[in-house]
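Working notes for the structure below.
Here, residue 1 is the first one in the sequence, and each next residue gets the next number.
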Amino acid sequence: MQITDDLNRLLEVVPDEIRQNLQQHPQRDSLIEIVMDLGRLPEARFPSKAEYLSTIPVSLEDLEHCISQIGEFSGDNRAGLSQTLHRISAIRNRTGKIIGLTCRVGRAVFGKIGMIRDLVETGQSILMLGRPGVGKTTALREITRVLADELEKRVVIIDTSNEIAGDGDIPHPAIGRARRMQVARPELQHQVMIEAVENHMPEVIVIDEIGTELEALAARTIAERGVQLIGTAHGNRIENLMKNPTLADLIGGIQAVTLGDEEARRRGSQKTVLERKAPPTFDIAIEMLEQQRWVVHESVSTTIDHLLRGLQPTLQVRTLNDEGEVNIFEERYTPTTPVSMEERSALKPREPVAAIPGLRGLRGSGKMMAVPPTPLGKAREDAVSESQYFEELLEQSFSGVTPLHTDEEFPFIKTIGEGSSLNIYPYGVPRHQIEQVIQTLSLPVILTKDIDSADVVLALRSHIRNQSKLRHMAKTRQVPIHTIKSGTPPQIARALRRLLNMEDPSTPEIADLSLFTKSGSSDEIEALEEARLAVEQIVIPKGQPVELLPRSPQVRKMQHELVEHYRLKSNSFGEEPNRRLRIYPA
């Protein structure tokens with residue numbers, strides 16, 4: 001890659017002592033910005049660190065010396081140097097006097113477009129996201145040059161702060177043959193966007209920092225007129241736009257939709273869900289996580305649809321190595337919620353069983369191998385951290401739990417071979433509940449939306465009885481149907497284990513308490529542990545009934561589920577607040 005920055009032009013503006021220190025600095029070529037605040041030491045910022053440039057604090061004379069050599073500050077407190085890409089931003093006091101300057105080095109990087117050149121050439125609209133300083137504007141500038149010079153398209157830049165094409169009336173050569181329209185005030189950017197389309201017949205519009213609802217609406221208007229859009233927006237990941245009602249229209253907008261009974265059962269969701277409102281304004285989205293690591297969403301509509309349904313879309317990651325080669329690989333979507341390394345490994349999608357030597361004890365002996373002890377509720381916390389945003393977005397919570405029961409009206413008749421995964425078509429069973437169980441227990445199960453590729457249908461008994469069409473399809477395709485009474489995590493776990501030949505029906509396995517707790521509170525943990533010890537140490541070995549301590553209705557319901565997990569019966573008796581559980585031997 002070739003980099004030009006006209007750094008000497010910027011150094012001519014700053015005081016002599018600062019200029020001399022920077023000219024001799026070993027990291028001069030990687031300088032990001034110079035910070036000058038009144039009464040403080042001047043500072044130079046590099047990618048890895050920041051250094052002071054002088055032992056003398058910045059004075060008003062130093063600031064006035066800089067201001068006198070640059071252009072006028074616009075309404076957004078930005079100024080520049082004519083025909084350069086450098087940007088000088090001002091900090092003012094309450095009376096409007098400048099008391100600080102940030103001198104940002106602007107660079108034109110030729111060759112950076114290689115990472116996404118194939119996407120630019122498709123003619124589809126591209127939205128670039130990333131934190132400040134990651135290189136969005138630099139990439140935008142290079143994309144503009146390639147479109148204008150190499151692809152010979154009519155390109156118009158909407159340059160609100162003169163950051164793309166530089167200050168002054170003559171654009172910087174880095175944008176090639178592209179034309180630039182300046183914006184008088186930042187709040188007028190949307191008007192200039194529409195004016196560019198109406199007056200100058202562009203094939204491509206380039207916009208930096210779409211940040212208001214009017215600008216998002218103008219972008220949609222431009223896209224609907226058949227003009228290719230290349231833009232950047234505030235936000236680090238695509239989920240930031242989903243959270244932002246102002247900019248959500250860029251990805252199609254989100255609206256509440258009421259599903260029909262049949263569709264809700266097929267999805268295994270509630271009847272009221274959130275869905276994408278319209279086609280996205282931008283066809284492609286690029287998350288610039290690092291300067292040499294970008295995540296590409298080649299179909300924004302598909303990504304948004306998956307995220308709204310709580311699924312994990314497969315992402316395309318592109319990196320640039322030291323030799324300038326572009327590497328492309330795929331990885332699963334991860335949320336922006338920070339997690340520890342231990343939790344991150346727990347959230348990592350499970351590889352196919354065939355790729356894991358020894359199957360990790362999932363089958364073979366017919367029982368699960370013992371696993372290292374995990375703090376109660378941790379697995380559920382991992383699952384919640386992964387889907388936390390979508391639960392907030394959908395404003396939903398888990399539905400009420402019904403008593404555990406398994407119905408074998410449609411027994412599973414297929415044999416799952418060693419080293420393979422079980423493909424399940426869920427019908428009426430909440431998909432997020434199944435995914436939680438699969439992730440918590442690391443089961444070799446894949447959920448499919450196509451009954452033709454399924455090994456078995458897992459359905460709620462109440463939904464399957466009246467679905468003769470589904471039963472006929474399953475029979476025709478020789479896909480067995482396994483029904484369960486309710487879609488609670490414990491019952492789903494038992495069904496999946498039986499389908500995988502992982503449990504002996506006559507011998508209940510040790511309960512995984514993380515499947516029964518709802519919030520992981522100390523009250524729930526204590527109550528479930530009390531019930532487990534009572535069952536394993538008294539009821540089963542000694543054949544004696546046991547009464548537990550009084551608990552709240554919600555906690556008693558969890559205890560009932562745990563007891564049913566052991567194929568035992570329990571009843572609640574007594575008056576509130578002393579109502580408690582009594583467990584009976586088999």
Kindly check if the number of other-residue, nucleotide or ligand heavy atoms within 6.0 Å of NZ (Lys569) is above 12?
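Atom NZ in Lys569 is not packed in, count stays at 12 or less.
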
Less than 4.5 Å apart, any side-chain heavy atom of [X] and any of [Y]?
{"X": "Val539", "Y": "Leu568", "value": "yes"}
{"X": "Ile434", "Y": "Leu447", "value": "yes"}
{"X": "Met288", "Y": "Ile286", "value": "yes"}
{"X": "Val456", "Y": "Ile481", "value": "no"}
{"X": "Val535", "Y": "Ile583", "value": "yes"}
{"X": "Leu289", "Y": "Val134", "value": "no"}
{"X": "Met128", "Y": "Ile143", "value": "yes"}
{"X": "Trp294", "Y": "Ile116", "value": "yes"}

Between [X] and [Y] (side chain of the first, backbone of the second, donor and acceptor by atom type, cut-off under 3.5 Å), is there such a pair?
{"X": "Gln559", "Y": "Ala527", "result": "yes"}
{"X": "Arg579", "Y": "Arg551", "result": "no"}
{"X": "Asn240", "Y": "Asn236", "result": "yes"}
{"X": "Arg237", "Y": "Glu239", "result": "no"}
{"X": "Lys136", "Y": "Gly130", "result": "yes"}
{"X": "Asn321", "Y": "Glu325", "result": "yes"}
{"X": "Gln439", "Y": "Glu435", "result": "no"}
{"X": "Asn423", "Y": "Asp455", "result": "no"}
{"X": "Arg580", "Y": "Gly574", "result": "no"}

State, to 0.1 Å, how close [X] and [Y] come at their nearest heavy-atom pair, and which atoms those are.
{"X": "Gln228", "Y": "Gln124", "value": "NE2-O, 3.0 Å"}
{"X": "Leu548", "Y": "Ala531", "value": "CD1-CB, 3.9 Å"}
{"X": "Gln316", "Y": "Ile328", "value": "CG-CG2, 3.6 Å"}
{"X": "Arg532", "Y": "Leu562", "value": "N-CD2, 3.8 Å"}
{"X": "Ser125", "Y": "Thr281", "value": "CB-O, 3.9 Å"}
{"X": "Thr302", "Y": "His306", "value": "O-ND1, 2.8 Å"}

Looking at [atom1] of [X] and [atom2] of [Y], how far apart are the two atoms once the value is rounded to the nearest 0.5 Å?
{"X": "Leu217", "Y": "Ile222", "atom1": "CG", "atom2": "CD1", "answer": "10.0 Å"}
{"X": "Asp249", "Y": "Phe282", "atom1": "CG", "atom2": "CZ", "answer": "10.5 Å"}
{"X": "Leu229", "Y": "Leu127", "atom1": "CG", "atom2": "CG", "answer": "9.5 Å"}
{"X": "Phe573", "Y": "Asn578", "atom1": "CZ", "atom2": "CG", "answer": "10.0 Å"}
{"X": "Ile251", "Y": "His297", "atom1": "CD1", "atom2": "NE2", "answer": "10.0 Å"}
{"X": "Asn571", "Y": "Tyr584", "atom1": "CG", "atom2": "OH", "answer": "4.5 Å"}

What verdict does the side chain to side chain contact (heavy atoms under 4.5 Å, CB included) test give for Glu215 and Thr212, after you've listed the backbone C-alpha separation in whole Å, the side-chain angles of each residue and the deciding distance to 0.1 Å?
CA-CA 5 Å; Glu215 292 165 8; Thr212 68; 3.1 Å; yes

Any chance you could lay out the side chain to side chain contact (heavy atoms under 4.5 Å, CB included) test for Leu549 and Leu581, step after step, and finish with the verdict?
CA-CA 7 Å; Leu549 296 174; Leu581 210 68; over 6 Å; no

Hey, mind stepping through Asp208 and Thr232 against side chain to side chain donor-acceptor pair (under 3.5 Å) and telling me if it holds?
CA-CA 5 Å; Asp208 195 11; Thr232 65; 2.6 Å; yes

Arg117 bridged to Glu121 by N-O distance under 4.0 Å:
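Result for this pair is yes, salt bridge flagged.
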
Check ion pair Arg318-Asp118 (N to O, under 4.0 angstrom)
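Looking at Asp118 together with Arg318, the answer is yes, because their closest N to O distance falls below 4.0 Å.
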
Test log, rule side chain to side chain contact (heavy atoms under 4.5 Å, CB included), inputs Leu320 and Asn327:
CA-CA 6 Å; Leu320 192 67; Asn327 299 317; over 6 Å; no

Please step through side chain to side chain contact (heavy atoms under 4.5 Å, CB included) for the pair Leu500 and Leu422, ending with a clear verdict.
CA-CA 8 Å; Leu500 293 167; Leu422 178 65; 3.9 Å; yes

Does the pair Glu287 and Arg131 meet the rule for a salt bridge (charged side-chain N to carboxylate O under 4.0 Å, His left out), with working shown?
CA-CA 9 Å; Glu287 299 173 356; Arg131 66 181 187 276; over 6 Å; no

